[in-house]
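These notes concern the structure reproduced below.
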2 protein chains.
Amino acid sequence: MNTLQLTSTDRATLMRSRFFARLPQSTFEDVLNSASVSACEERDVLFRQDEDVDDVFFVLSGLVRLCRMGKDGREADVALFSEGEMLAETAMFLRQRATASAVAAKKSVIARLNGGKLQHLAATDHEVAQALIEHLCYRGKMTEDLLAEDRLLTATQRVANFILSHCPKDSTSFRLPFQKNILAGKLGLAPEALSRAFSTLRQSGVTVRGRLIEIHDRHALERF
Amino acid sequence: MNTLQLTSTDRATLMRSRFFARLPQSTFEDVLNSASVSACEERDVLFRQDEDVDDVFFVLSGLVRLCRMGKDGREADVALFSEGEMLAETAMFLRQRATASAVAAKKSVIARLNGGKLQHLAATDHEVAQALIEHLCYRGKMTEDLLAEDRLLTATQRVANFILSHCPKDSTSFRLPFQKNILAGKLGLAPEALSRAFSTLRQSGVTVRGRLIEIHDRHALERF
DNA sequence: AACGCTTCTTGACACCGGTCAAACAAGTGA
DNA sequence: TCACTTGTTTGACCGGTGTCAAGAAGCGTT
């Protein structure tokens, strides 16, 4: 986890993000002044469950898995953050230990924003508070979506959903943005189950070669 | 769904709640001025999935189920709100239809706060924004907890968890706060599965008679 | 090109939990 | 109190998914 300088593409990534996009330039700079940037290898840990976390993390590039561990050692992913997404903001406001661990799911560049600073800004700057509220609403919905999918859909249906929502409407194929491993975790599946789901979908015109997914019949997928 | 007057116990309930507790009296009155109160019977619908929802709801007494329906007609609960809890706040900030339906799970009294008013307050009043942020963090954590439980624990373990977290530390028994039906939904189980979980736990010293749950060996439950 | 590592796939199997049906209990209203 | 409705339990069955183990494919390194 080496410390880096914030590049101009990093700044661009930040400014494009849901959270920062709506903040005025000066506030943006203000937040950045208290930020540090580091390069992570796959499996590097940003923070661990039950630790105190004071900072807020921002994915400048790469991928971060948020996972909880059960007492028997198994672990379950509860969220997956890719470029331009922010995590660990709840630790700031609920005075309690982290409820999950954050682990890089591949080589990543992570910005670490000062939590106290951000909290202070949220308390004094309407724009920041507003952006935070929207961000939290969005995150809440994401988690609720996951929960509902888990409870309503079978493995194959969840995979079909994922494919449909990730394949551009005007295209017939796309590349998985990460390893199948990770996708399985995000969907709450064992890797084997993901593999089987793919092979079930082959009957409905889905071709999987490495990370390349081809769809030959969108409607067949929707019907699943 | 009859319209009611806000009683003084209702006011007390509001002021005790996570959200309103921290607001100054004047803001509190301000919000209340735009509120209406109604009595709901079990199964009354507060709003339906895919509808536009402008208001924010507050449970003054009773119980509200938030559930999503799958295309095959099955439905899954994604949250359960009891006395003193607020729901549908995300609809205000994410400009989109409701992602779930809200249904009274028993006779309830519901306050309906004006969303626009609240949104305006959140944008101008630091205290309101702050309260909202904390509320959203809390809700987010709740949903994440549910997701993690679903993914990490078996039915019996989830039930054991529920019992442990609802039985006062200094007591050896408690009453279920709602029908087993509802509990099953909250835990993501079919009623039959809940029933079986209870009967499995009987071996670990749990007695169930109607809604009365008795624990004879806390540690046995924790080990599950 | 050959090696070694990791990721992915496939098969076998067990088990958890959903579903249906029927018996049973509890609650409600006349 | 009885009849009726609604909620709960139990049994039987089966489909879905986790787990273990083995083999295949992919990928980077030498």
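We name chains A, B, ... by the order of the sequence lines, and we start the count at 1 in each one. Note that these values count all heavy atoms, side chains included, but never hydrogens, waters or copies made by symmetry. This is a predicted model, so every value here is computed, not measured.
Taking atom CD of residue A:Gln179 and atom P of nucleotide D:dG28, one finds them 11 Å apart after rounding to whole Å. Distance B:Phe198 CZ to D:dT8 P: 10 Å, rounded to the nearest Å. The interatomic distance linking B:Lys107 (NZ) with C:dT28 (P) rounds to 12 Å, in whole Å. Rounding to whole angstrom units, NZ of residue B:Lys180 and C1' of C:dG27 are separated by 14 Å. Atom pair B:Arg209:CZ and D:dT8:P shows a separation of 16 Å (rounding to whole Å applied). Here D:dG7 presents its P atom at 15 Å from CZ of B:Phe178, a figure rounded to the nearest Å. When rounded to the nearest whole Å, the span between CD1 of A:Ile213 and P of C:dC8 equals 11 Å. Rounded to whole angstrom, the span from the CG atom of A:Asn181 across to the P atom of D:dC27 amounts to 14 Å.
Take B:Ala148 and apply the side chain to side chain contact (heavy atoms under 4.5 Å, CB included) test, not counting sequence neighbours, and it matches A:Arg68, A:Val78. Qualifying ring-ring contact (aromatic ring centres under 6.0 Å, His included) partners for A:Phe20, counting only residues two or more places apart in sequence or in other chains: A:Phe28, A:Phe58. Residues meeting the ring-ring contact (aromatic ring centres under 6.0 Å, His included) test with A:His166, sequence neighbours left out: A:Phe162.
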Got a list of side-chain donor-acceptor pairs under 3.5 Å for residues 173-199 of chain B, not counting sequence neighbours?
from     : atom 1 : to       : atom 2 : distance (Å)
B:Lys180 : NZ     : B:Gly210 : O      : 3.1
B:Ser199 : OG     : B:Arg196 : O      : 3.2

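Using a 4.0 Å cut-off between charged side-chain N and carboxylate O, B:Lys107 and B:Glu41 make a salt bridge. Ionic pairing of A:Arg151 and B:Glu75 is not present here: no N-O contact between side-chain nitrogen and carboxylate oxygen is shorter than 4.0 angstrom. Under 4.0 Å is where a charged nitrogen must lie from a carboxylate oxygen, and between B:Arg139 and B:Glu134 no such pair does.
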Each nucleotide of nucleotides 12-21 of chain C classed B (base within 4.0 Å of a protein heavy atom), S (only sugar-phosphate) or -, in 5' to 3' order, makes B----SSBB-

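Side-chain atoms of A:Asp10 and A:Thr13 form no donor-acceptor pair, as typed in the model, at a separation below 3.5 Å.
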Could you go through A:Arg65 and A:Asp77, starting from their C-alpha distance and side-chain angles, then the distance that decides it, and tell me whether this counts as salt bridge (charged side-chain N to carboxylate O under 4.0 Å, His left out)?
CA-CA 7 Å; A:Arg65 231 160 38 91; A:Asp77 291 8; 2.8 Å; yes

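Stem analysis of DNA chain D (at least three stacked-register Watson-Crick or G-U pairs, each with both distances under 3.5 Å) gives C:1-30 with D:1-30.
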